[in-house]
Amino acid sequence: MKTSNKLKIFNDPIYGFIRIPSTLVFDLIADPYFQRLRRISQMGLSYLVYPGAHHTRFHHALGCMYLMQKSIQVLRFKGVEITQGEEDGLLIAILLHDIGHGPFSHAMEHSIVEGVSHEFISLQFMEELNQRFNGSLTEAISIFTGNHSKKFLNQLVSSQLDMDRLDYLKRDSFYTGVAEGNTNAERLITMLNVVDGNLVIEEKGIYSVEKFLMARRFMYWQVYLHKTAVVAERVLISILKRARSLIEKGESLNCSDALKYFLSNHIDINNFNSEILAKFAKLDDVDILAALKEWQFSDDFILSSLCEMIIDRKLLHIKVKKEPVTESKFLSQFNKVKAHYNLTDEETSYFVFRGELKNKAYDRQHQTINILRKNGKITDVAKLSDHLNLNALSKTVTKYYMCYPKEGV
């Protein structure tokens, strides 16, 4: 029996009405795997800095699908052939591109699972859904993995100027209130074209590309790598590391069964199978927040202190510099905290640590944004642009940070 497509539209605060194009897409959105994204924050703990940043991966996935619908329309109007099967594949690939994210997004790739990327888990989800939906995701998977014969289809899903980036910059800018990150996604999409099987931007769109890259750089330093968001994520990673260490020593910690499973077992790319996937699908932000609320009363000084930091937003102090933190400065701070709280070296490392932040707004080595000039030639935007900053945006900028407790030292 054919499922009725009852819900035809979503109302999105950014684009207005988003139409669901087919029964298959409707059924995928209705699937519990996808509904889980309603409980996964798009920007992790960034709401501790920007109170409005409570939007979810669910919002973002639908927004990406909307932009993909617009792109298909534009490219077809310009005579680019996209079959009905390829259209379905594109919409499903972009809809599910982030389905593998764990609770609080990127923090989980280092804590819940060991070195398993969200892209890998997204592919596992897509393959599982493909079995459930009788092979109807096969084309979407070939686009998602870059194995499709038409390269530009994959570039619409994953490239320097894909629908994912266009949506998250606009959406994150909207929800954080950081206006400088706002990009004109519709204008960029109108300038899309395909030459020799590759995605290009027509020359009159060059200033929109420049603005997009500048907005991306701004959002990284101002929002995604904001020092308070960085320290909050590092504290969350430390909490899960400490919880795992206590469980390994035989201590009992109250948390959901799904979270307990991942903290009690070592899961990496070699043992991540469909059984593990089903357990992973039960995890979301709620498991983590409930655990933090419970663990703030733990007898373990380290675990309870770290949980209180996030619950009460009394985080570690963080200093960000252009030069690496010197060994003597680091040790001086480390030893002060160690002595003050009477901790071992291992225990102190939960409270005093350092790291680096890297950002490259335009990764030319990985893939370029190509401009289709009026004479028919294709040129990398950085070579064509008269914007002095564009070459600078291709360089990796590194900043160094050190975290330590604010009071009592």
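Bear in mind that the values here come from a model prediction, so they are computed numbers and not experimental data.
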Please assess F34 against F58 for the test ring pair (Phe, Tyr, Trp, His ring centres under 6.0 Å), listing each intermediate value before the final yes or no.
CA-CA 8 Å; F34 191 81; F58 186 87; 5.3 Å; yes
I would like to know whether L28 and L137 meet side chain to side chain contact (heavy atoms under 4.5 Å, CB included); could you show each step before the answer?
CA-CA 10 Å; L28 284 168; L137 278 74; 4.2 Å; yes
F218 and V178: CA distance, side-chain angles, deciding distance, side chain to side chain contact (heavy atoms under 4.5 Å, CB included) verdict
CA-CA 9 Å; F218 194 90; V178 177; 3.7 Å; yes
Evaluation steps, side chain to side chain contact (heavy atoms under 4.5 Å, CB included), between K399 and L225
CA-CA 10 Å; K399 292 183 183 178; L225 297 177; over 6 Å; no
How far apart are the C-alpha atoms of L37 and D98, what are their side-chain angles, what is the distance that settles it, and do they pass the side chain to side chain contact (heavy atoms under 4.5 Å, CB included) test?
CA-CA 9 Å; L37 297 181; D98 267 352; 5.5 Å; no
Please assess N184 against Y207 for the test side chain to side chain donor-acceptor pair (under 3.5 Å), listing each intermediate value before the final yes or no.
CA-CA 11 Å; N184 192 340; Y207 296 116; over 6 Å; no
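Looking only at atom types and distance, the side chain of D164 has no donor-acceptor partner in the side chain of S158 under 3.5 Å away. H60 and D172 share no donor-acceptor pair across their side chains, judged by distance under 3.5 Å alone.
Shortest non-hydrogen contact noted between T183 and F212 is CG2-CA, 3.8 Å. Heavy-atom minimum distance, L166 versus L161: CD2-CD1, 4.3 Å. Residues L156 and D162 share a closest heavy-atom pair of O-CB, 3.4 Å. Taking every heavy atom of both residues into account, I143 and L90 meet most closely at CD1-N, 3.6 Å. Residues I201 and L188 share a closest heavy-atom pair of CD1-O, 3.9 Å. Residues A140 and M126 share a closest heavy-atom pair of O-CE, 4.1 Å.
A donor-acceptor pair is defined here as one N or O able to donate and one able to accept, closer than 3.5 Å; such a pair exists between the side chain of E203 and the backbone of K374. In this structure a side-chain-to-backbone donor-acceptor pair under 3.5 Å is present from Q35 to I29. Between the side chain of K260 and the main chain of L253, a donor-acceptor pair closer than 3.5 Å is present. When atom types are taken as modelled, the side chain of S264 and the backbone of Y261 share no donor-acceptor pair closer than 3.5 angstrom. The backbone N or O of L283 lies less than 3.5 Å from a partner atom in the side chain of R36, making a donor-acceptor pair. Panel note: side chain R216, backbone L169; no donor-acceptor pair is recorded below 3.5 Å. Listed for the K150 side chain is a donor-acceptor partner under 3.5 Å among the backbone atoms of E81.
Among pairs with a residue in residues 242-253, those fulfilling side chain to side chain donor-acceptor pair (under 3.5 Å) read R242-D300, at least two apart in sequence or across chains. For residues 272-293, the set of pairs meeting the side chain to side chain donor-acceptor pair (under 3.5 Å) definition, not counting sequence neighbours, comprises R39-D284, S256-D287.
The number of heavy-atom neighbours closer than 6.0 Å to CG of D268, taken from other residues, nucleotides and ligands shown, is above 12. When the shell of 6.0 Å around CG of D257 is examined, it contains 12 or fewer heavy atoms from other residues, nucleotides or ligands. Remark: K227 NZ is loosely packed, at most 12 non-hydrogen atoms of other residues, nucleotides or ligands lying under 6.0 Å away. The local environment of NZ in K151 is sparse, with at most 12 non-hydrogen atoms from other residues, nucleotides or ligands closer than 6.0 Å. Heavy-atom contacts from other residues, nucleotides or ligands closer than 6.0 Å to NZ of K78 number more than 12. By the neighbour-count criterion of 12 heavy atoms within 6.0 Å, atom CG of N11 is densely surrounded, having more than that number from other residues, nucleotides or ligands.
Ring geometry for F125 versus F280: interplanar angle of 30 to 60°, hence tilted. By the 30° and 60° cut-offs, the orientation of the rings of F104 relative to Y47 is tilted. Using bins of under 30°, 30° to 60° and over 60° for the plane-to-plane angle, the ring pair Y401/F353 lands in the perpendicular bin. A perpendicular orientation is assigned to the rings of Y224 and Y168, their planes being inclined by more than 60° (bins at 30° and 60°).
A distance of 10.0 Å separates CG in N182 from OG1 in T176, rounded to the nearest 0.5 Å. In this structure, CZ on R165 lies 9.0 Å from CG on L213, to the nearest 0.5 angstrom. Q42 CD to R171 CZ: the interatomic distance, rounded to the nearest 0.5 Å, is 8.0 Å. A distance of 12.5 Å separates OG1 in T398 from NZ in K322, rounded to the nearest 0.5 Å. For the atom pair I99 CD1 and S122 OG, the distance stands at 7.0 Å (nearest 0.5 Å). Interatomic distance, OG1 of T348 versus CG of L343, reported as 4.5 Å (0.5 Å rounding).
Side-chain contact between N370 and T379: absent, with no pair of heavy atoms (C-beta onward) separated by less than 4.5 Å. Contact check for I276 versus N271: no side-chain heavy atoms found under the 4.5 Å cut-off. Residues L199 and V194 are in side-chain contact: their nearest non-hydrogen atoms beyond the backbone lie under 4.5 Å apart. Using a 4.5 Å cut-off on side-chain heavy atoms (C-beta onward), F152 and L75 make contact. In this structure, the side chains of M402 and K321 stay at 4.5 Å or more apart for every pair of heavy atoms. Looking only at side-chain heavy atoms (C-beta outward), F330 and V325 come within less than 4.5 Å of each other. Using a 4.5 Å cut-off on side-chain heavy atoms (C-beta onward), S71 and M163 make contact. Residues L45 and I310 are in side-chain contact: their nearest non-hydrogen atoms beyond the backbone lie under 4.5 Å apart.
For the side chain to side chain donor-acceptor pair (under 3.5 Å) test, residues two or more places apart in sequence or in another chain that qualify with T56 are H59.
With respect to the salt-bridge test (charged N to carboxylate O, under 4.0 angstrom), the residues E327 and R354 qualify.
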